[in-house]
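Please read all numbers here as calculations on a predicted model, not as lab measurements.
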Amino acid sequence: MGYPGRRPVIPPQSHRDDRETLVSEHKHKGKTCRQSAAVFNVVNSIIGSGIIDFSLILLIKGAALSGTDTYQSLVNRTFGFPGYLLLSVLQFLYPFIAMISYNIITGDTLSKVFQRIPGVDPENLLIGRHLIIVLSTVVFTLPLSLYRDIAKLGKISLISTVLTTLILGIVVARVVSLGPHIPKTEDAWIFAKPNAVQAVGVMSFAFICHHNCFLVYGSLEEPTVAKWSHIIHVSTLISVFISILFATCGYLTFTGYTQGDLFENYCRNDDLVTFGRFCYGVTVILTYPIECFVTREVIANVFFGGNLSSVCHIIITVVIITVATLVSLLIDCLGIVLELNGVLCAAPLIFIIPSACYLKLSEEPRTHSDKIMSCVMLPIGAVVMAVGFVMAVTSPQDCSHGQEMFYCSPDNFSLTNISISHFQLTTQLSILNVSIFQ
C-alpha cells in the first residue's frame, strides 16, 4: 500500500470483465460489507462532505488500467514518487481540514441546542463550543475513529443518513414558514457574481469523496468495477437530491445572509430548528471517523509501508484527532475553512489528478467520451484552484462568528415588509416555533 509497494497488486490488463477485482481476496477477508452498507458509507461521506461525480468512477478505471488498488499507488504508478508525495499531502490535508470543519460545526451547533435547555444560562462555560468540541471528541469521535475496519461504520452511516433526512424536512418546512419573513438581500437572484469561483471551491469541498473511495470499494464483497459503478450511481442520485434541496431551501430562506453553516442563520428560540441542530450535530459526529480513516491510512502508507501495529494505530489516531481538535478550538468561522480546503485540496483531488492519470494510462482514442471529459475537467480544476485561492484570500466570506442574526430580534423585525405591533410580532414568532407540530 505504501510507496515501496510491499503488497502484490493485480497486473494491468487492457480488458477486464465484471468479475475481476482490484484488491486481493485475502486482504479483505472478514472485512467485507454488503452493497447497501457501502452505499450508506459513500452517501455519509458525500453528505458530510458532498456530491460524487464522474471522476470517482474514473479513479477506479485508472486503477484497473494500472493494476493498482489505492489512490496513492495509482498516482505512484502513473507519475512516480513526486506525484505520490503530492497526492499524499493532498489526501492528508483534505480529510484533516474536513475534521476541523466538523468540529467547528459540532461546537457551534450543539452549543445552541444546550442553550435551549430550561434553566441553563446561555453564558455557562459548560455549554460553550470549546468544551462541547472536546467532549464530543473524547466520548464519540475518538472511539469510533479507533476502528481498523471501515466496514463497521456501515450501520453508523445509515443512522447519519436517516438523521440527514430529518434535517432536510426541517429546512424545507422553514423555507415555507420562515422564508417570507426574512428580508431579501439586494440582487439576491443574480445567477453569478464575480466571486462565483469561491462558491465552486466550496462546492468542490462538498462534492468530494475521492479520498476514501478506495476504502469503501475495498470493503465490498467481491469488489468489481461494475458493482462499484452501480453503488456510485445510487449514491449520486441520493446525494444530489438531498444536496440540491438543502442548497435551494437554504438560499430561498435567507438569500445573501446565508452563512457557511446554514444553521447559524436560524434563530436560537426556534425549537424545531433546535431539534434539527441536534440531528445535524450527531450526523457530523458520525461522519468524522470516515475522514480520520483516510488521514491515518495516508500516514500508514507513507511512513509505515501500509501496515500499522495496534500500538501505532492507537497513537497515530490519537495524535491526528488531538491536533485537529486543537486547531478547531482556535477557529470559529466555517466559511473560510470550506473555501480554502475546496480550492487547495478538493479541486486537484476531484478534477486534476484523476483526469491526468486516466489521460496518461488510457489507450482509448482521443474522441472517446472518457478522454473528452478528462480533457475538460483538468483545465477546469486548474482554474478553480488558482482563481479560487486568490479570491478566498482577498475577499473572504463574511462570518457571523456564532452571533444571533439581526432578524431574530423583534426590534429589528421592522426591516421586513410586515407591519405589526411588538405584541403581535412576539406572538407570531412563538406560534412559528410550534406551528410545524400542529
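Contact of the S362 side chain with the H368 side chain is not registered, since no non-hydrogen atoms from C-beta on lie closer than 4.5 Å. Put simply, the side chain of T68 does not reach to within 4.5 Å of the side chain of T78, judged on heavy atoms. Contact check for S177 versus R174: side-chain heavy atoms found under the 4.5 Å cut-off. At least one side-chain heavy atom of L308 sits under 4.5 Å from a side-chain heavy atom of R148. With a 4.5 Å cut-off on side-chain heavy atoms, Y407 and N265 count as touching. Looking at heavy atoms from C-beta onward, C408 lies out of side-chain contact with R268 at the 4.5 angstrom threshold. Using a 4.5 Å cut-off on side-chain heavy atoms (C-beta onward), E264 and K112 make contact. Residues I127 and S111 fail the side-chain proximity criterion, which asks for heavy atoms closer than 4.5 Å.
In this view, D370 and K61, Y358 satisfy the side chain to side chain donor-acceptor pair (under 3.5 Å) rule, not counting sequence neighbours.
Taking the six-membered ring wherever Trp is involved, the centroid distance between the rings of F254 and Y266 falls below 6.0 Å. Between Y257 and F406, the distance separating the two ring centers is shorter than 6.0 angstrom.
Remark: the T70 side chain and the S73 side chain contain an N/O donor-acceptor pair separated by less than 3.5 Å.
The neighbour count for Y251 OH, taken as heavy atoms of other residues, nucleotides or ligands under 6.0 Å away, is above 12. With a 6.0 Å radius and a threshold of 12 heavy atoms from other residues, nucleotides or ligands, F79 has its CZ atom above the threshold. Surrounding CZ of F278 are at most 12 heavy atoms belonging to other residues, nucleotides or ligands under 6.0 Å away.
Screening L361, L65, I353 for a side chain to side chain contact (heavy atoms under 4.5 Å, CB included) with L74, the sole residue that qualifies is L361. The side chain to side chain contact (heavy atoms under 4.5 Å, CB included) with I321 is formed by just one residue from the set V323, T317, V319; it is T317.
With salt bridges taken as basic N to acidic carboxylate O contacts below 4.0 Å, none links D108 and R277.
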